K.L.:
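Dropping the structure in here first, questions after.
Since the model is a prediction, treat every value here as computed from it, not as a measurement. Computation of the quantities below employed the complete heavy-atom set of this structure, encompassing side-chain atoms and omitting hydrogens, waters and symmetry-equivalent molecules. One-based numbering, in listed order, for ligands and for the atoms of each.
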Amino acid sequence: MKDRVPVVGVLALQGDYQKHLEILDSIDVRGVEVRLAEDFDRVERLIIPGGESTVMTELLGRLRMEDKLASFVSKQPVWGTCAGMILLASGVNDRSVKTLGAIDIAVDRNGYGRQVFSTVAPATLALNGHRESLDLVFIRAPRVTRVGEGVTTLLKCGDDPVLLAQNNVLVSAFHPELTGSALLHDYFARKFAADFS
Ligand code: GLN
């Protein structure tokens with residue numbers, strides 16, 4: 001019998017959530033928009049998309065979603081991309097962002113510079129016995145400045161770690177929904193374990 005695929009929530013307050021839902025749909029994973037605190041009860045995994053971490057911080061507070069998000073992030077598989085990575089980090093160089101401290105990394109917001117310095121970088125990703133060439137899209141991406149001991153770096157771009165994991169948390173500095181590949185979504189939805197170590 002095939003394993004049941006978990007329901008994947010996508011935080012849908014702001015940013016590039018729609019594209020994540022489309023990719024999940026294309027690989028037969030049920031994706032659900034998370035817009036209210038009670039929506040966390042309907043999902044088993046969560047993607048926090050790219051967008052603006054300052055705006056997400058503001059909206060999470062206004063919509064009173066902070067406690068539910070913190071509790072979800074403390075135990076369920078969560079994947080933060082770009083702005084989502086910033087929210088999950090343990091430290092950021094900007095006090096207008098409230099980080100969750102879910103993964104032991106520090107990041108610099110806009111660490112590669114402004115929008116004009118956004119780039120596309122080719123990379124080869126090896127995950128779970130699959131290898132794929134990807135174009136990594138960086139849009140005002142966070143730069144990782146510290147990686148804690150318990151954190152695994154899964155992919156680097158030059159010297160910079162851009163895909164990392166610890167326990168139940170996966171983070172990517174790039175926009176995986178724009179790579180033209182569903183490999184990472186498939187990995188997160190079907191394989192990523194809550195006890196990643
Ligand atoms: N620079 C944005 C932030 O600080 C992140 C950019 C992105 O998600 N593409 O939140």
K.L.:
Nearest protein heavy atom to atom 2 (C) of ligand 1, by residue and atom, and its distance?
P.N.:
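Checking every protein heavy atom, the shortest distance to atom 2 (C) of ligand 1 gives Gly51 O, 3.5 Å.
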K.L.:
Could you list the atoms of ligand 1 found under 4.0 angstrom from a heavy atom of Ile139?
P.N.:
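Within the 4.0 Å cut-off of Ile139, ligand 1 contributes 6 (C), 7 (C), 9 (N).
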K.L.:
Please report the C-alpha distance between Glu38 and Lys68 in whole Å, then the side-chain angles of each, then the deciding distance to 0.1 Å, and finally whether the salt bridge (charged side-chain N to carboxylate O under 4.0 Å, His left out) criterion is met.
P.N.:
CA-CA 8 Å; Glu38 54 263 39; Lys68 274 273 183 108; over 6 Å; no
K.L.:
Which atoms of ligand 1 are found less than 4.0 Å from any heavy atom of Glu52?
P.N.:
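In order of number, 2 (C), 3 (C), 4 (O), 10 (O).
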K.L.:
According to the interplanar angle, ranging from 0 to 90°, do the rings of Phe192 and Tyr187 count as parallel (below 30°), tilted (30 to 60°) or perpendicular (above 60°)?
P.N.:
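Ring orientation, 0 to 90° scale: perpendicular.
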K.L.:
Identify the closest protein heavy atom to atom 1 (N) of ligand 1: which residue and atom is it, and at what distance?
P.N.:
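I find the closest protein heavy atom is Asn110 OD1, 2.5 Å.
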K.L.:
Which residue holds the protein heavy atom closest to atom 10 (O) of ligand 1, what is that atom called, and what is the gap in Å?
P.N.:
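Ranked first by proximity to atom 10 (O) of ligand 1 is Ser53 N, 2.5 Å.
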K.L.:
Could you check whether Asp16 pairs with Lys19 (Lys NZ or Arg NE/NH1/NH2 to Asp/Glu carboxylate O, under 4.0 Å)?
P.N.:
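Salt bridge flag = no for Lys19 with Asp16.
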K.L.:
Evaluate the criterion side-chain contact (heavy atoms from CB on, under 4.5 Å) for residue pair Val107 and Thr145; output intermediate values, then yes/no.
P.N.:
CA-CA 5 Å; Val107 298; Thr145 54; 5.6 Å; no
K.L.:
Which ligand 1 atoms, with their elements, are less than 4.0 angstrom from a heavy-atom of Gly50?
P.N.:
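Going through ligand 1 atom by atom, the ones under 4.0 Å from Gly50 are 8 (O).
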K.L.:
If you have a sec, work out which protein heavy atom is nearest atom 9 (N) of ligand 1 and how many Å separate them, to one decimal?
P.N.:
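Ranking protein heavy atoms by distance from atom 9 (N) of ligand 1, first comes His175 NE2, 2.7 Å.
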K.L.:
How does Ile86 reach ligand 1, by side chain, by backbone, by both or by neither, if only non-hydrogen atoms under 4.0 Å count?
P.N.:
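Answer for Ile86: side chain.
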K.L.:
Is there a path of hydrophobic side-chain contacts, each under 4.5 Å between heavy atoms of I/L/V/M/F/W/Y residues, joining Phe188 to Ile23?
P.N.:
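No: no chain of side-chain contacts under 4.5 Å links Ile23 to Phe188.
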K.L.:
How close does the nearest protein non-hydrogen atom get to atom 7 (C) of ligand 1, and which residue and atom is it?
P.N.:
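Going atom by atom, the protein heavy atom closest to atom 7 (C) of ligand 1 ends up being Cys82 SG, 2.8 Å.
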K.L.:
With heavy-atom distances below 4.5 Å as the criterion, would you say the side chains of Gln18 and Glu33 are in contact?
P.N.:
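The answer is yes; the side chains approach within 4.5 Å.
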K.L.:
Counting only heavy atoms not in Lys98 (residues, nucleotides, ligands), do more than 12 fall under 6.0 Å from its NZ?
P.N.:
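Atom NZ in Lys98 is not crowded, with 12 or fewer foreign heavy atoms closer than 6.0 Å.
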K.L.:
Using a heavy-atom cut-off of under 4.0 Å, does the side chain or the backbone of Arg140 touch ligand 1, or both, or neither?
P.N.:
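Both backbone and side chain.
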K.L.:
Using 30° and 60° as the class limits, which term best fits the ring planes of His20 and Trp79: parallel, tilted or perpendicular?
P.N.:
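His20 vs Trp79 ring planes: perpendicular.
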K.L.:
Which residue holds the protein heavy atom closest to atom 4 (O) of ligand 1, what is that atom called, and what is the gap in Å?
P.N.:
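Of every protein heavy atom, Arg109 NE, 2.5 Å lies nearest to atom 4 (O) of ligand 1.
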K.L.:
Would one find an N or O of Ala83, backbone or side chain, under 3.5 Å from an N or O of ligand 1?
P.N.:
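There is such a contact, yes.
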